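Heads up, the thing below is written out as structure tokens.
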Amino acid sequence: MSAGDLFRSAFGSGAFSEFSAPGRVNLIGEHTDYNNGLVLPFAIDARTHVALSRNDLGEVRVVSAQRPEQIRSLRVGEIQPSEGDVDWTDYVYGVFWALTQSGRTLGGVDLAVDSNVPVGAGLSSSAALECAVGLALSTVHGYDVPLPEIARLAQRAENVYVGMPCGLMDQMASATCQAGSVLFFDVGADTCENIPFDTAASGLSVLVIDTKAHHELADGEYAKRRASCEQAAAQLGLKSLRDIEFDGLADALSRLDDDVLIRRVRHIVTENERVRTVVGYLRQGAVSSIGPDLTASHVSLRDDFEVSAEELDIAVDAALSSGALGARMTGGGFGGSVIALVPESVAAAVTDAVLAAFAARSLTTPVVRTVAPATGARAD
Ligand code: GLA
């Protein structure tokens, strides 16, 4: 059911406005965002749609097409962070809260959500929901909030209201990406640049392999990785690991004595450098040259940052051995998705090889999609 149809069936036939925001894949630059580093995501054409209108009930009522039987409601004054299990509505109420915290005055709203961004696939279904809701709520209350600020408010909602200490990449991608481009976001410098990413012009495709694996440890391990990076930066007397130049890596590592911290730092510094290399290739239109850096990123995430999972490694290996130019896990890790850069002529063979590798191990059948850079949050 579309968000508009759901709105009508849940809240009646009044007028409503519609907004949407996409999921994303990250081409390269993983776990670098919360280290003030470099990332290169793009929006995908899976989107979360929101239909909404203001009400005069003083309540925020929400319903999702993925759970149409439930209308949830909170009074405006009750929307505050609290302890307890995370519920999908926390992403909606969290953004409402973050907007009010930013000094905007919001009132009662009826809001219906529909999404085709897969949940738990590492494709940022949360950021898509947050950004769509952020743009929707601000607009219907008469606020023209710039999209990068929507991204920051969405991140604040997730950090404080949901309690997940994520960086800013996913929200910035969902809010601001442009069709046909990857977003080169330098978190430390707070600059964004859209770089054309036209795989088809080079006879290539990007496959996203949703491995369907979700490992329970994801959130706790994510927070641990972030803490280790902060600890290493503090030991080195730096504000963030971003401050280590690639040339200074050996020196920085020689000043750490903990093997785990050494490997975490090595991942972050080499990953930032790989982002720079990939950006250099893309600026020359040399898309087919980026494969080895994608694969090197995966190896570093697997061995040094230790956020891969067996299913991700199997998908990467199967893709590479059947003709992919490069492949890597994308997103936070511990399950979720792999991206593979493939010549169009071997896309079917790579897909078959991945499915066969999973079948041979009796693993859940992955879902393989082709993606191309789509547009960020917008009014529909
Ligand atoms: C998750 C987080 C992002 C980022 C990635 C890893 O998607 O939400 O902020 O840290 O993991 O690159």
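The shown structure was predicted, so the numbers you read here are calculated from the model rather than taken from an experiment. Start at 1 with the first residue, then count along the sequence.
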Review point. With side chains defined as the heavy atoms from C-beta onward, is the minimum distance between Val342 and Leu204 less than 4.5 Å?
Key: no
Check your understanding: Between the side chains of Asp380 and Ser20, does any donor sit under 3.5 Å from an acceptor?
Key -> yes
Point to revise | Asp259 CG: over 12 foreign heavy atoms closer than 6.0 Å | key: yes
Review point. Are His31 and Tyr222 close enough that their ring centers fall under 6.0 Å?
Key: yes
**Study point:** Tyr93-Tyr161 aromatic ring centre distance below 6.0 Å
**Key:** no
**Study point:** Residues Arg24 and Asp170 bridged, charged N to O under 4.0 Å
**Key:** yes
Check your understanding: Using 4.0 Å as the upper bound for N to carboxylate O, is an ion pair formed by Arg255 and Asp251?
Key -> yes
Review point. Between the side chain of Thr295 and the main-chain N/O of Ala327, is any donor-acceptor distance below 3.5 Å?
Key: yes
Check your understanding: So do Leu129 and Trp88 actually touch side chain to side chain, heavy atoms under 4.5 Å?
Key -> yes
Point to revise | Flag for Arg152-Gln171: side-chain donor and acceptor within less than 3.5 Å | key: no
Practice item. Check whether any side-chain heavy atom of Val113 lies under 4.5 Å from a side-chain heavy atom of Val63, and answer yes or no. Key: no
Practice item. To the nearest 0.5 angstrom, please state how far the OG1 atom of Thr176 sits from the CD atom of Gln178. Key: 7.5 Å
Check your understanding: When rounded to the nearest 0.5 angstrom, what distance separates CZ in Arg276 from CG in Asp186?
Key -> 8.0 Å
**Study point:** Qualifying residue, where the test is side-chain hydrogen bond (donor to acceptor under 3.5 Å, both in side chains) with Glu30 and the options are His298, Arg274, Arg328
**Key:** Arg328
Check your understanding: Would you find more than 12 non-hydrogen atoms of other residues, nucleotides or ligands less than 6.0 Å from Glu245 atom CD?
Key -> no
Exercise for review: Name the orientation class of the two ring planes belonging to His141 and Phe96 (parallel below 30°, tilted from 30 to 60°, perpendicular beyond 60°).
Suggested key: perpendicular
Practice item. Give a yes-or-no answer on whether the side chains of Ser102 and Arg104 include a donor-acceptor pair shorter than 3.5 Å. Key: yes
Check your understanding: Please walk me through it: do Arg263 and Glu306 pass salt bridge (charged side-chain N to carboxylate O under 4.0 Å, His left out)?
Key -> CA-CA 9 Å; Arg263 287 184 292 122; Glu306 296 179 283; 3.1 Å; yes
Check your understanding: Does the side chain of Ser2 come under 3.5 Å of the side chain of Asp114 through a donor N or O and an acceptor N or O?
Key -> no
Practice item. Using a cut-off of 6.0 Å, state whether more than 12 heavy atoms not belonging to Tyr281 lie near its atom OH. Key: no
Check your understanding: Which heavy atom of Met1 sits nearest a heavy atom of Ala65, and at what distance?
Key -> O-CB, 3.5 Å
Practice item. Would you name the heavy atoms of Asp45 and Asn116 that are closest together and state the gap between them? Key: O-ND2, 4.5 Å
Check your understanding: Are side-chain N/O atoms of Ser73 and Glu59 paired as donor and acceptor at under 3.5 Å?
Key -> yes
